[in-house]
2 protein chains.
Amino acid sequence: MLEKTTRMNYLYDFYQSLLTPKQRSYMSLYYLDDYSLGEIAEEYDVSRQAVYDNIKRTEQMLEQYEEKLLLFQRFQDRQRILRQLKETLQTSKCGDETLLSLIDSLEKLE
Amino acid sequence: MLEKTTRMNYLYDFYQSLLTPKQRSYMSLYYLDDYSLGEIAEEYDVSRQAVYDNIKRTEQMLEQYEEKLLLFQRFQDRQRILRQLKETLQTSKCGDETLLSLIDSLEKLE
(Lines give C-alpha, C1' and ligand atoms only; values in the text may rest on other atoms or scores of the structure.)
Protein backbone atom coordinates (compact mmCIF):
# COMPACT_ATOMS: atom_id res chain seq x y z
CA MET A 1 0.00 0.00 0.00
CA LEU A 2 1.19 3.54 -0.69
CA GLU A 3 1.45 5.76 2.32
CA LYS A 4 -0.21 9.16 2.07
CA THR A 5 2.41 11.27 3.78
CA THR A 6 2.62 15.00 4.39
CA ARG A 7 6.04 14.89 2.75
CA MET A 8 4.60 13.51 -0.48
CA ASN A 9 1.90 16.19 -0.46
CA TYR A 10 4.60 18.84 -0.26
CA LEU A 11 6.77 17.25 -2.91
CA TYR A 12 3.76 17.09 -5.21
CA ASP A 13 3.06 20.73 -4.50
CA PHE A 14 6.62 21.79 -5.36
CA TYR A 15 7.21 19.65 -8.43
CA GLN A 16 3.81 19.02 -9.99
CA SER A 17 4.62 21.33 -12.90
CA LEU A 18 7.29 18.84 -14.00
CA LEU A 19 4.83 15.93 -14.24
CA THR A 20 2.70 14.80 -17.18
CA PRO A 21 -1.05 15.60 -17.14
CA LYS A 22 -1.87 11.95 -16.37
CA GLN A 23 0.60 11.80 -13.49
CA ARG A 24 -0.88 15.01 -12.13
CA SER A 25 -4.44 13.67 -12.37
CA TYR A 26 -3.68 10.45 -10.50
CA MET A 27 -1.58 12.20 -7.85
CA SER A 28 -4.11 14.94 -7.34
CA LEU A 29 -7.00 12.51 -6.90
CA TYR A 30 -4.98 10.29 -4.59
CA TYR A 31 -3.27 12.91 -2.45
CA LEU A 32 -5.45 15.99 -2.59
CA ASP A 33 -8.94 14.51 -3.04
CA ASP A 34 -8.16 11.37 -1.02
CA TYR A 35 -9.50 8.89 -3.60
CA SER A 36 -8.53 5.25 -3.14
CA LEU A 37 -6.51 3.41 -5.81
CA GLY A 38 -9.67 1.45 -6.68
CA GLU A 39 -11.74 4.60 -7.16
CA ILE A 40 -9.13 6.12 -9.49
CA ALA A 41 -8.93 2.86 -11.45
CA GLU A 42 -12.70 2.93 -11.91
CA GLU A 43 -12.69 6.62 -12.91
CA TYR A 44 -10.08 6.01 -15.64
CA ASP A 45 -11.22 2.51 -16.58
CA VAL A 46 -7.79 0.97 -15.92
CA SER A 47 -6.60 -1.69 -13.48
CA ARG A 48 -5.90 -0.87 -9.86
CA GLN A 49 -2.35 -2.18 -10.45
CA ALA A 50 -1.83 0.30 -13.30
CA VAL A 51 -2.81 3.19 -11.04
CA TYR A 52 -0.59 1.87 -8.25
CA ASP A 53 2.41 1.54 -10.60
CA ASN A 54 1.89 5.02 -12.03
CA ILE A 55 1.65 6.69 -8.62
CA LYS A 56 4.58 4.69 -7.24
CA ARG A 57 6.74 5.74 -10.20
CA THR A 58 5.63 9.36 -9.85
CA GLU A 59 6.53 9.34 -6.16
CA GLN A 60 10.01 8.13 -7.08
CA MET A 61 10.32 10.93 -9.64
CA LEU A 62 9.31 13.50 -7.02
CA GLU A 63 11.94 12.17 -4.61
CA GLN A 64 14.55 12.37 -7.38
CA TYR A 65 13.62 15.98 -8.11
CA GLU A 66 13.90 16.77 -4.41
CA GLU A 67 17.33 15.12 -4.26
CA LYS A 68 18.46 17.40 -7.07
CA LEU A 69 16.70 20.67 -6.28
CA LEU A 70 16.02 20.48 -2.52
CA LEU A 71 12.98 22.78 -2.78
CA PHE A 72 11.14 21.16 0.12
CA GLN A 73 14.20 21.09 2.36
CA ARG A 74 15.00 24.74 1.66
CA PHE A 75 11.37 25.69 2.19
CA GLN A 76 11.48 24.06 5.64
CA ASP A 77 14.76 25.80 6.48
CA ARG A 78 13.32 29.18 5.52
CA GLN A 79 10.09 28.53 7.42
CA ARG A 80 12.03 27.70 10.57
CA ILE A 81 14.02 30.94 10.41
CA LEU A 82 10.93 33.02 9.57
CA ARG A 83 9.22 31.63 12.68
CA GLN A 84 12.25 32.57 14.81
CA LEU A 85 12.32 36.01 13.21
CA LYS A 86 8.66 36.64 14.06
CA GLU A 87 9.05 35.38 17.61
CA THR A 88 12.16 37.50 18.20
CA LEU A 89 10.43 40.53 16.77
CA GLN A 90 7.32 40.05 18.87
CA THR A 91 9.20 39.66 22.15
CA SER A 92 11.62 42.50 21.39
CA LYS A 93 10.77 46.10 22.20
CA CYS A 94 10.21 47.01 18.59
CA GLY A 95 6.91 45.58 17.42
CA ASP A 96 7.50 47.52 14.23
CA GLU A 97 4.51 47.09 11.87
CA THR A 98 6.65 47.56 8.76
CA LEU A 99 9.01 44.77 9.81
CA LEU A 100 6.15 42.39 10.57
CA SER A 101 4.45 43.10 7.27
CA LEU A 102 7.72 42.49 5.37
CA ILE A 103 8.07 39.13 7.09
CA ASP A 104 4.47 38.40 6.13
CA SER A 105 5.35 39.17 2.51
CA LEU A 106 8.24 36.71 2.71
CA GLU A 107 5.92 34.03 4.07
CA LYS A 108 3.41 34.64 1.32
CA LEU A 109 6.09 34.02 -1.31
CA GLU A 110 6.40 30.44 -0.13
CA MET B 1 25.81 34.39 -31.44
CA LEU B 2 24.67 33.36 -27.97
CA GLU B 3 24.46 36.14 -25.44
CA LYS B 4 26.16 35.55 -22.10
CA THR B 5 23.58 37.09 -19.82
CA THR B 6 23.43 37.31 -16.05
CA ARG B 7 19.99 35.73 -16.30
CA MET B 8 21.39 32.62 -17.99
CA ASN B 9 24.12 32.39 -15.36
CA TYR B 10 21.45 32.35 -12.66
CA LEU B 11 19.24 29.86 -14.48
CA TYR B 12 22.24 27.58 -14.88
CA ASP B 13 22.97 27.94 -11.21
CA PHE B 14 19.41 27.00 -10.19
CA TYR B 15 18.77 24.15 -12.60
CA GLN B 16 22.16 22.62 -13.42
CA SER B 17 21.35 19.52 -11.38
CA LEU B 18 18.64 18.67 -13.94
CA LEU B 19 21.07 18.69 -16.89
CA THR B 20 23.18 15.87 -18.32
CA PRO B 21 26.94 15.81 -17.57
CA LYS B 22 27.74 16.92 -21.13
CA GLN B 23 25.29 19.82 -20.98
CA ARG B 24 26.81 20.85 -17.66
CA SER B 25 30.35 20.72 -19.05
CA TYR B 26 29.57 22.91 -22.08
CA MET B 27 27.50 25.38 -20.06
CA SER B 28 30.05 25.60 -17.30
CA LEU B 29 32.94 26.26 -19.72
CA TYR B 30 30.90 28.77 -21.69
CA TYR B 31 29.25 30.67 -18.84
CA LEU B 32 31.45 30.24 -15.82
CA ASP B 33 34.91 29.92 -17.38
CA ASP B 34 34.13 32.22 -20.32
CA TYR B 35 35.42 29.87 -23.03
CA SER B 36 34.41 30.69 -26.61
CA LEU B 37 32.37 28.22 -28.67
CA GLY B 38 35.48 27.53 -30.73
CA GLU B 39 37.58 26.72 -27.67
CA ILE B 40 34.97 24.29 -26.34
CA ALA B 41 34.74 22.66 -29.79
CA GLU B 42 38.51 22.15 -29.79
CA GLU B 43 38.52 20.81 -26.22
CA TYR B 44 35.89 18.17 -27.04
CA ASP B 45 36.98 17.54 -30.63
CA VAL B 46 33.54 18.36 -32.08
CA SER B 47 32.34 21.06 -34.48
CA ARG B 48 31.67 24.60 -33.32
CA GLN B 49 28.12 24.17 -34.64
CA ALA B 50 27.59 21.08 -32.43
CA VAL B 51 28.64 23.05 -29.35
CA TYR B 52 26.41 25.97 -30.37
CA ASP B 53 23.39 23.69 -30.89
CA ASN B 54 23.94 21.93 -27.58
CA ILE B 55 24.22 25.15 -25.59
CA LYS B 56 21.29 26.75 -27.42
CA ARG B 57 19.12 23.72 -26.64
CA THR B 58 20.26 23.72 -23.01
CA GLU B 59 19.38 27.40 -22.66
CA GLN B 60 15.88 26.62 -23.93
CA MET B 61 15.57 23.81 -21.39
CA LEU B 62 16.64 26.15 -18.58
CA GLU B 63 14.02 28.70 -19.66
CA GLN B 64 11.38 25.95 -19.69
CA TYR B 65 12.33 24.87 -16.17
CA GLU B 66 12.09 28.47 -15.03
CA GLU B 67 8.66 28.80 -16.65
CA LYS B 68 7.52 25.80 -14.62
CA LEU B 69 9.31 26.27 -11.30
CA LEU B 70 10.03 30.03 -11.14
CA LEU B 71 13.07 29.53 -8.90
CA PHE B 72 14.92 32.56 -10.26
CA GLN B 73 11.87 34.80 -10.09
CA ARG B 74 11.10 33.78 -6.51
CA PHE B 75 14.73 34.19 -5.54
CA GLN B 76 14.63 37.77 -6.84
CA ASP B 77 11.36 38.47 -4.99
CA ARG B 78 12.81 37.19 -1.72
CA GLN B 79 16.05 39.13 -2.21
CA ARG B 80 14.10 42.35 -2.74
CA ILE B 81 12.14 41.89 0.50
CA LEU B 82 15.23 40.84 2.46
CA ARG B 83 16.93 44.06 1.37
CA GLN B 84 13.91 46.09 2.52
CA LEU B 85 13.86 44.17 5.79
CA LYS B 86 17.51 44.94 6.48
CA GLU B 87 17.13 48.60 5.58
CA THR B 88 14.03 48.99 7.77
CA LEU B 89 15.77 47.25 10.65
CA GLN B 90 18.89 49.38 10.36
CA THR B 91 17.01 52.67 10.30
CA SER B 92 14.58 51.65 13.05
CA LYS B 93 15.40 52.10 16.73
CA CYS B 94 15.98 48.40 17.26
CA GLY B 95 19.29 47.41 15.74
CA ASP B 96 18.71 44.02 17.34
CA GLU B 97 21.69 41.72 16.66
CA THR B 98 19.54 38.59 16.85
CA LEU B 99 17.19 39.92 14.18
CA LEU B 100 20.04 40.88 11.88
CA SER B 101 21.72 37.52 12.25
CA LEU B 102 18.45 35.72 11.48
CA ILE B 103 18.10 37.75 8.30
CA ASP B 104 21.70 36.86 7.45
CA SER B 105 20.80 33.18 7.87
CA LEU B 106 17.91 33.62 5.47
CA GLU B 107 20.22 35.22 2.91
CA LYS B 108 22.72 32.41 3.24
CA LEU B 109 20.02 29.86 2.39
CA GLU B 110 19.71 31.40 -1.08
Side-chain angles (χ1 to χ4, degrees), chain A residues 10-25 27-28 58 60-110, chain B residues 10-25 27-28 58 60-110:
Chain A
Y10 270 109
L11 294 187
Y12 176 65
D13 201 36
F14 282 116
Y15 301 110
Q16 58 174 292
S17 62
L18 299 175
L19 302 177
T20 66
K22 193 169 107 181
Q23 286 174 323
R24 273 204 292 275
S25 301
M27 289 295 283
S28 164
T58 306
Q60 285 163 354
M61 281 181 65
L62 294 178
E63 287 291 357
Q64 282 162 6
Y65 281 129
E66 174 63 9
E67 237 173 72
K68 291 178 176 173
L69 293 171
L70 301 172
L71 298 192
F72 181 41
Q73 187 185 307
R74 285 189 180 149
F75 162 78
Q76 287 175 303
D77 291 342
R78 283 196 303 269
Q79 287 298 102
R80 185 174 38 77
I81 297 178
L82 281 173
R83 265 198 309 276
Q84 286 179 281
L85 204 49
K86 270 178 115 165
E87 280 168 20
T88 309
L89 200 56
Q90 275 155 353
T91 55
S92 82
K93 274 158 206 150
C94 43
D96 191 312
E97 283 304 313
T98 318
L99 289 172
L100 278 169
S101 84
L102 284 169
I103 295 172
D104 276 348
S105 315
L106 272 178
E107 280 182 326
K108 277 180 196 138
L109 283 179
E110 297 294 349
Chain B
Y10 270 108
L11 294 187
Y12 176 65
D13 201 36
F14 283 116
Y15 301 111
Q16 58 174 291
S17 62
L18 299 175
L19 302 176
T20 66
K22 192 168 105 181
Q23 286 174 323
R24 272 205 293 275
S25 301
M27 290 294 283
S28 164
T58 306
Q60 285 163 355
M61 281 180 65
L62 294 178
E63 287 291 358
Q64 283 161 6
Y65 281 129
E66 174 63 10
E67 236 173 73
K68 290 178 178 172
L69 294 171
L70 300 173
L71 298 191
F72 181 41
Q73 188 185 307
R74 285 190 181 149
F75 162 78
Q76 286 175 304
D77 292 342
R78 284 195 302 269
Q79 287 297 103
R80 186 175 37 78
I81 298 177
L82 282 173
R83 264 198 309 276
Q84 286 179 283
L85 204 48
K86 270 178 116 165
E87 280 169 19
T88 310
L89 200 56
Q90 275 155 353
T91 57
S92 82
K93 273 157 206 150
C94 44
D96 191 312
E97 284 304 313
T98 318
L99 289 171
L100 278 169
S101 86
L102 283 168
I103 295 172
D104 276 348
S105 315
L106 272 178
E107 281 182 325
K108 277 180 197 138
L109 284 179
E110 299 292 351

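In what follows, every heavy atom counts, from backbone to side chain, and hydrogens, waters and symmetry copies are set aside. In what follows, every chain begins at residue 1, and chains take the letters A, B, ... in the order their sequences are listed.
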Take atom OH in A:Tyr10; do more than 12 heavy atoms of anything else shown fall under 6.0 Å from it?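 It does not: A:Tyr10 OH has 12 such atoms or fewer within range.
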Measure the [atom1]-[atom2] distance between [X] and [Y] for me, rounded to the nearest 0.5 Å.
{"X": "A:Asp104", "Y": "B:Ile81", "atom1": "CG", "atom2": "CD1", "result": "10.0 Å"}
{"X": "A:Gln84", "Y": "B:Leu106", "atom1": "CD", "atom2": "CG", "result": "9.5 Å"}
{"X": "B:Gln73", "Y": "A:Leu109", "atom1": "CD", "atom2": "CG", "result": "9.5 Å"}

Closest contact, heavy atoms only, A:Leu69 versus B:Phe14: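 Distance-wise, the nearest heavy atoms are CD2-O, 3.5 Å.
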Nearest heavy atoms of B:Leu18 and A:Lys68, plus distance in Å: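 Closest heavy-atom pair between B:Leu18 and A:Lys68: CD2-CD, 3.9 Å.
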Residue from A:Leu82, A:Leu89, A:Leu85 passing side chain to side chain contact (heavy atoms under 4.5 Å, CB included) with B:Leu102: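 Only one of A:Leu82, A:Leu89, A:Leu85 forms a side chain to side chain contact (heavy atoms under 4.5 Å, CB included) with B:Leu102, namely A:Leu85.
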